[in-house]
Amino acid sequence: EVPLKYGAQYTGKRTDEAMNKWRGNRFGQFIHWGLYAIPGGVWNGKTYNYAAEFLKSSAKIPTSTWDSLMYQFNPVKFNARQWAKMAKQMGARYMTITTKHHEGFCLWPSQYTDFNIGNTPYKKDILKELVEAYNAEGIDVNFYYSVLDWHHPDWRYDIKSPEDSVAFRRFLQFASGQLRELATNYPTVKAFWFDGTWDNSIKKNGWWTLEVEQMLKKIRPGAVVNSRLRADDFGKRHIDSNGKLMGDYESGYERRLPNPVKDVQVTRWDWEACMTVPENQWGYHKDWSVSHVKSPLELLEMLVHTTSMGGNFLLNFGPAGDGSIRAEEQHIARTIGAWMQQNGQVIYDCDYAGWEKQDWGYFTKPRTGNIVNMVVFNIPVNGLLKVKVPAGTKISKATLAGKNVKVEEIAKDQFFIHLPQQAYKMPPVIVLEAVGGA
Ligand SMILES: C[C@@H]1N[C@@H](C#Cc2ccccc2)[C@H](O)[C@@H]1O
């Protein structure tokens, strides 16, 4: 191992109450909301297909022009309680909000910049409204914070001169101040989701990334911080030069999931995948016809897939500039929510079962007991679900919606579960009682 000052500070999964709650939440709502929601991917009558929150760079808009969008931000349809109720109905146990995205606009009245909600026609502290509304629904709130800041004059992509060093040192003090006020002024915040940390300027300041994590955990004991913040002494990100995870969970899965067979190593630590509904739109885009839009069932399978591999799934919503939630996202929330209402117990506080992946779907395992859940997405024509179990395991009982289904031992450590023949519109869940084995 190489000696590191700014590498991983511990190994293994945190087992404190705050982390157990973060892990057991499993399903979160990501919200990308900022000035980019006003143009929604369209500028001077031209639609830009790239991610709407990157429109400033896609359309090469000068910072002064972009920043003047602040004077138009007045979301008259915004209702934090409605958003929170929708998230509750969907079954989200946590919500991660973009306090500040790459554009640098702050959803809270930051004392460190005038480029914030207080100087918009809306004026009020949107972050406070959201935290209160979601917490009132029993939903934990986590803060997304982009270190990359297109608005701030001291931001640097790289450090190539003494002037760069001086300016970027000022920038890091600014960012530390903003993070300190976020952690202090919103005391119920549970986690920090860092983004915009891929540039050399951050890689060359690994010390700051560790200092920020330590500061946040000092102000908010138990706070959870993602690996994406961290760079080690040599600029290695997420995983340090000794192959150890930095931060509290791995957050590299953006718009992709680990392979259930080849990537089982992800189960060695906590991790989270974040996912867009269209191919690549985090912020509101006016025209979703420019790419594939995932169906509720596609997204539900991703949630189950993630849980089956011991990860959290963070599903993105991009509210419009007026504060409304588009119909497609409302439909997703209702459809997933209806299934979660009946089957949330196979997601919340569930984990990797350690059983071999089968074609029909995914296994999840509750923290305690001898239960293993089967969530079936691929219904076999013969109605027989093949289950290979760890050596010596017996399946003593199988139920679907509380009713016994037939269990047939077909070979050593192999069983058929007889799936009742019907037209399944949503994935059925079979609960196995397993004894013996690993
Ligand atoms: C969570 C997601 N990370 C952000 C990004 C990005 C990005 C940066 C460089 C190249 C390609 C994509 C997206 O804007 C969104 O916030």
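We count ligands from 1, going down the list as the structure has it; atoms in each ligand are counted the same way. We count residues from 1, following the sequence as given.
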_Taking the six-membered ring for Trp, are W155 and Y157 closer than 6.0 Å centroid to centroid?_
yes

_Distance flag, aromatic centroids of W193 and Y249, threshold under 6.0 Å_ = no

*Are the ring centres of F363 and W355 closer than 6.0 Å?*
yes

_Mutual orientation of the aromatic rings belonging to F192 and F143 [parallel < 30°, tilted 30-60°, perpendicular > 60°]_ = perpendicular

*How are the rings of F30 and Y144 set relative to one another: parallel (under 30°), tilted (30 to 60°) or perpendicular (over 60°)?*
tilted

*asked:* Can you tell me how the ring of F54 sits relative to the ring of H101, calling it parallel under 30°, perpendicular over 60° and tilted otherwise?
replied: perpendicular

Do any nitrogen or oxygen atoms of ligand 1 lie under 3.5 Å from a protein nitrogen or oxygen, and which ones?
unit_1: ligand 1; atom_1: 3 (N); unit_2: D195; atom_2: OD2; d: 2.8
unit_1: ligand 1; atom_1: 3 (N); unit_2: E254; atom_2: OE1; d: 3.4
unit_1: ligand 1; atom_1: 3 (N); unit_2: E254; atom_2: OE2; d: 3.2
unit_1: ligand 1; atom_1: 14 (O); unit_2: E53; atom_2: OE2; d: 2.8
unit_1: ligand 1; atom_1: 14 (O); unit_2: H101; atom_2: NE2; d: 3.1
unit_1: ligand 1; atom_1: 16 (O); unit_2: H32; atom_2: NE2; d: 2.7
unit_1: ligand 1; atom_1: 16 (O); unit_2: H101; atom_2: NE2; d: 2.8
unit_1: ligand 1; atom_1: 16 (O); unit_2: Y144; atom_2: OH; d: 3.4
unit_1: ligand 1; atom_1: 16 (O); unit_2: D195; atom_2: OD2; d: 3.3

